[in-house]
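Just so you know, ligand 1 is whichever comes first in the structure, and atom 1 is the first atom listed for that ligand. Numbers for residues simply follow the sequence, beginning at 1. The figures here come from the full heavy-atom set of this structure, side chains too, leaving out hydrogens, waters and symmetry mates.
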Amino acid sequence: MSVEVTGREAEGTRWDLVVIGSGTAGADAAVRAAQLGLKVLLIERNRDRPGGTCVNVGCVPTKKLLYLADHYHELSKYLVNEGLITDAKLDVKAMFRAKDQLISQIIAWYTFRVFPSWGIKMLFGEARLASPNSVKVGDSVIEAKNVLIATGSRPKVPPIRGGVEEGLRRGGLRYN
Ligand SMILES: Cc1cc2nc3c(=O)[nH]c(=O)nc-3n(C[C@H](O)[C@H](O)[C@H](O)COP(=O)(O)OP(=O)(O)OC[C@H]3O[C@@H](n4cnc5c(N)ncnc54)[C@H](O)[C@@H]3O)c2cc1C
């Protein structure tokens, strides 16, 4: 049974909970609500990178790269000191492949194991709140008893004179 539904299919269901955003907050809330027996729809605008910041560009990739770099450093230092090798070359491309593979595994684990096992459905598209109990995605209006907005956040730097924001603006740059 596929986890993905179309906008039309989503319109035909009365959802207990519609969650906007499949990041850490949205995915965890969706799973917990489904475990408590609610009928849950999870909407994500980024089809290529569901899972939000943590999985794709935050906690997971940074820790994987740090873990590999740390092991490379410790192991190569030890082996060189023991005279077992004279040189240990780091394959940075392989490191990034390992990082990408871990991300894919986590996304697949959620999409093919966790969400289906709790009956959670996913709809891909940009969601807009149409009313307190309905969400618009494209032409579809999806009704829900509850809507959770879990769309993440962006940094906001206060306008401090000489601060980072001003420096970026002067340099013709901006956040994200
Ligand atoms: C480099 C880095 C390292 C980090 N390391 C750690 C760590 O080690 N430990 C830790 O606890 N935290 C860490 N964080 C912080 C952590 O990643 C965030 O706190 C967490 O991802 C926030 O989750 P979220 O669900 O609130 O938002 P997000 O993960 O940003 O998810 C929001 C989702 O909503 C979707 N979305 C937005 N608008 C719409 C819309 N209109 N319709 C449909 N979908 C929409 C987005 O596409 C996205 O998938 C790190 C962050 C960074 C940047």
Side-chain angles (χ1 to χ4, degrees), residues 2-13 15-36 38-73 92 95-116 118 120-158 164-165 168 173-176:
S2 171
V3 76
E4 189 176 343
V5 291
T6 63
R8 289 282 164 262
E9 286 165 347
E11 274 183 326
T13 306
W15 303 95
D16 294 317
L17 176 67
V18 164
V19 180
I20 307 175
S22 72
T24 310
D28 281 10
V31 171
R32 189 69 189 122
Q35 286 171 340
L36 293 169
L38 272 62
K39 196 165 183 53
V40 181
L41 177 69
L42 185 56
I43 306 176
E44 172 56 53
R45 69 177 170 194
N46 198 339
R47 176 183 281 280
D48 297 331
R49 284 196 338 197
T53 303
C54 184
V55 171
N56 293 287
V57 291
C59 337
V60 171
T62 53
K63 274 42 168 203
K64 179 69 179 180
L65 292 173
L66 282 172
Y67 171 85
L68 292 174
D70 204 32
H71 273 64
Y72 164 76
H73 178 68
V92 177
M95 260 176 91
F96 276 78
R97 273 200 304 277
K99 180 263 297 175
D100 290 338
Q101 195 181 7
L102 177 62
I103 293 171
S104 301
Q105 282 168 347
I106 293 174
I107 292 172
W109 183 67
Y110 268 95
T111 314
F112 299 113
R113 296 288 293 275
V114 179
F115 293 160
W118 293 106
I120 296 166
K121 295 293 179 187
M122 273 196 95
L123 171 63
F124 288 101
E126 177 95 29
R128 290 269 174 271
L129 202 59
S131 78
N133 295 95
S134 64
V135 174
K136 203 164 186 298
V137 180
D139 296 335
S140 303
V141 179
I142 298 144
E143 306 283 333
K145 281 188 198 157
N146 302 281
V147 177
L148 176 68
I149 301 172
T151 51
S153 57
R154 280 179 299 185
K156 173 73 184 166
V157 181
V164 178
E165 189 99 307
L168 289 173
L173 304 167
R174 44 171 291 200
Y175 280 109
N176 63 51

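Residues Val3 and Leu42 fail the side-chain proximity criterion, which asks for heavy atoms closer than 4.5 Å. Considering only heavy atoms from C-beta on, Leu102 comes within 4.5 Å of Gln105 through its side chain. Between Ile43 and Phe124, every side-chain heavy-atom pair lies at or beyond the 4.5 Å cut-off. Residues Arg49 and Ile107 have side chains not in contact (no heavy-atom distance under 4.5 Å, counting atoms from C-beta outward).
The heavy atom nearest to atom 53 (C) of ligand 1, considering only Val55, Thr53, Leu123, Ile43, is found in Thr53.
At least one protein heavy atom sits closer than 4.0 Å to atom 34 (O) of ligand 1. Shown here, atom 43 (C) of ligand 1 is in close reach of the protein: a heavy atom of it lies under 4.0 Å off.
With ligand atoms numbered from 1 in the order given, ligand 1 contributes 1 (C) to contacts under 4.0 Å with heavy atoms of Val57. Of all the atoms in ligand 1, the ones that sit under 4.0 Å from a non-hydrogen atom of Ile20 are 40 (C), 42 (N), 43 (C). Residue contact check: Gly23 has heavy atoms under 4.0 Å from atoms 25 (O), 29 (O), 31 (O), 33 (C) of ligand 1. Heavy-atom contacts of Ala150 reach the following atoms of ligand 1: 32 (C), 33 (C), 34 (O) (cutoff under 4.0 Å). Heavy-atom contacts of Gly52 reach the following atoms of ligand 1: 29 (O), 31 (O), 48 (C), 49 (O) (cutoff under 4.0 Å). Each of the atoms 42 (N), 43 (C) of ligand 1 lies under 4.0 Å from some heavy atom of Gly125.
The protein heavy atom nearest to atom 36 (N) of ligand 1 is Arg45 NE, 3.8 Å. The protein non-hydrogen atom at the shortest distance from atom 27 (O) of ligand 1 is Gly152 CA, 3.2 Å. Nearest non-hydrogen protein atom to atom 11 (O) of ligand 1 is Cys59 SG, 4.6 Å.
Atom CZ of Phe115 sits about 12.5 Å away from atom CD of Glu4, to the nearest 0.5 Å.
Not one N or O of Gly51 is nearer than 3.5 Å to an N or O of ligand 1, by distance alone. Considering both main-chain and side-chain atoms, Asn46 never comes within under 3.5 Å of ligand 1 through any nitrogen or oxygen pair. For ligand 1, one of its N or O atoms has an N or O atom of Cys54 under 3.5 Å away.
The existence of a salt bridge linking Asp16 and Lys39 is excluded, since no basic side-chain nitrogen approaches an acidic carboxylate oxygen closer than 4.0 Å.
Under 4.0 angstrom from ligand 1, the non-hydrogen atoms of Thr24 come from both its backbone and its side chain.
The shortest heavy-atom distance from Lys63 to ligand 1 is under 4.0 Å.
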